[in-house]
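When a residue number appears, it is its place in the shown sequence, counting from 1.
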Amino acid sequence: MKPGVGPFLRELRASRRVSLGWLATRAGVGKSTLSQWEKGVYQPIISTLESVLDALRATPAQQEHALSLIWAPRAVRRMQKQVEAQAAALGLDDVPLPTRGEFLRALRRRRGLSLEQVARRLGVTPSTVSRWEQAKSVPPPERWEALFAVLGADHEEQAALMGEGMFLYAGPEPSVLDLGALVRELRCLEERVSRGEEALMDLRFFTAEARLWPIIPRHGAARRLLARFYTLHATWLSAGDRHAEAQRYV
């Protein structure tokens, strides 16, 4: 499994000062199973993981982080449903969700490639590539190097795509005070857009937007800032003749 889930659970349990035996009893999971999770022997089942997180009284941000550390489409779908529910409650019914599948799609479109062209170069079917972009499946390890080459992914973009989980998770839930840093990031992106920069711009937009998503249900300022990011994102995409993508942000 991808590293991260086990150590995170061990740290969370230690912070609560509870033993493996106590947690196993409280969550209804075998003690040896919990031990193997923490050691990274194998990956937890989503429903069982959620029982453990509930027993540890994990915060919503900690639960999201745990899911982000699992390299599994089902974890991504669970996170997407949570974000979609939040968006629907705010009247935002059709918004771009910052998943790694979305990032793969952006990189493909940046190169002006169709699903068929990418599939042909990789020796897979177009539906396979489409499932990767929808986060319904994960590219196998032996495909990543060729996929990076086809998409022209920069080193930082490769690191983002190969990071833990498939969701563009940006660390712990930001506080209202962190909005100042994101405002500065927005101004920096405005300067880059005005200069016509292209390198890493997809990654910069996606990660900034992902940082805002966890707090938009509670902070109006975060919603307004996300709208500004989306407007700038659409402007940048339109400048690159990526009009179909830009329509998703306006």
Side-chain angles (χ1 to χ4, degrees), residues 1-86 97-101 103 135-142 144 155-178 181 203 206-218:
M1 58 180 267
K2 295 289 289 183
V5 181
F8 176 73
L9 288 175
R10 184 169 57 248
E11 291 174 7
L12 186 59
R13 179 173 62 81
S15 71
R16 300 297 191 266
R17 298 182 179 179
V18 299
S19 66
L20 272 175
W22 180 92
L23 181 57
T25 300
R26 194 65 176 262
V29 181
K31 181 178 177 180
S32 61
T33 297
L34 288 175
S35 178
Q36 289 177 315
W37 285 5
E38 291 189 357
K39 293 177 181 177
V41 175
Y42 64 84
Q43 182 164 283
I45 298 172
I46 301 300
S47 58
T48 311
L49 172 62
E50 290 179 327
S51 296
V52 171
L53 293 171
D54 287 341
L56 290 171
R57 296 184 179 180
T59 66
Q62 289 170 333
Q63 293 178 12
E64 180 181 333
H65 186 41
L67 286 171
S68 78
L69 294 173
I70 297 178
W71 187 270
R74 64 185 182 278
V76 177
R77 289 196 293 272
R78 185 66 58 89
M79 295 174 72
Q80 286 179 319
K81 288 180 180 178
Q82 293 173 355
V83 174
E84 287 169 355
Q86 293 175 344
L97 301 180
T99 64
R100 280 186 169 79
F103 188 29
K136 292 182 177 179
S137 65
V138 183
E142 65 272 15
W144 280 110
H155 176 72
E156 291 183 49
E157 292 168 338
Q158 294 180 28
L161 288 168
M162 289 298 292
E164 296 167 334
M166 288 177 63
F167 201 81
L168 287 174
Y169 183 83
E173 179 176 308
S175 66
V176 179
L177 295 177
D178 289 323
L203 178 59
F206 280 127
T207 52
E209 291 158 3
R211 289 179 62 192
L212 280 164
W213 261 107
I215 60 173
I216 60 170
R218 294 181 297 283

Is the closest side-chain heavy-atom distance between [X] and [Y] below 4.5 Å?
| X | Y | answer |
| --- | --- | --- |
| T33 | T48 | no |
| F103 | E157 | yes |
| L9 | L34 | no |
| L53 | L12 | yes |
| V52 | P44 | no |

Which atom names give the shortest non-hydrogen contact between [X] and [Y], and what distance separates them?
| X | Y | answer |
| --- | --- | --- |
| W37 | L49 | CH2-N, 3.9 Å |
| A55 | A27 | CB-CB, 4.1 Å |
| R10 | E38 | NH1-O, 2.6 Å |
| A66 | F8 | CB-CE2, 3.9 Å |
| S19 | W22 | OG-N, 3.0 Å |
| Q62 | R16 | OE1-NH2, 3.3 Å |

What distance separates S51 OG from L23 CG, expressed to the nearest 0.5 Å?
10.5 Å
For the atom pair CG (L20) and CZ (R13), what is the distance rounded to the nearest 0.5 Å?
4.0 Å
Does CZ belonging to R26 count more than 12 external heavy atoms closer than 6.0 Å?
no
Any donor-acceptor pair under 3.5 Å linking the side chain of T25 with the backbone of G21?
yes
Determine whether a donor-acceptor pair (N or O, by modelled atom type, separation under 3.5 Å) exists between the side chain of S35 and the backbone of K31.
no
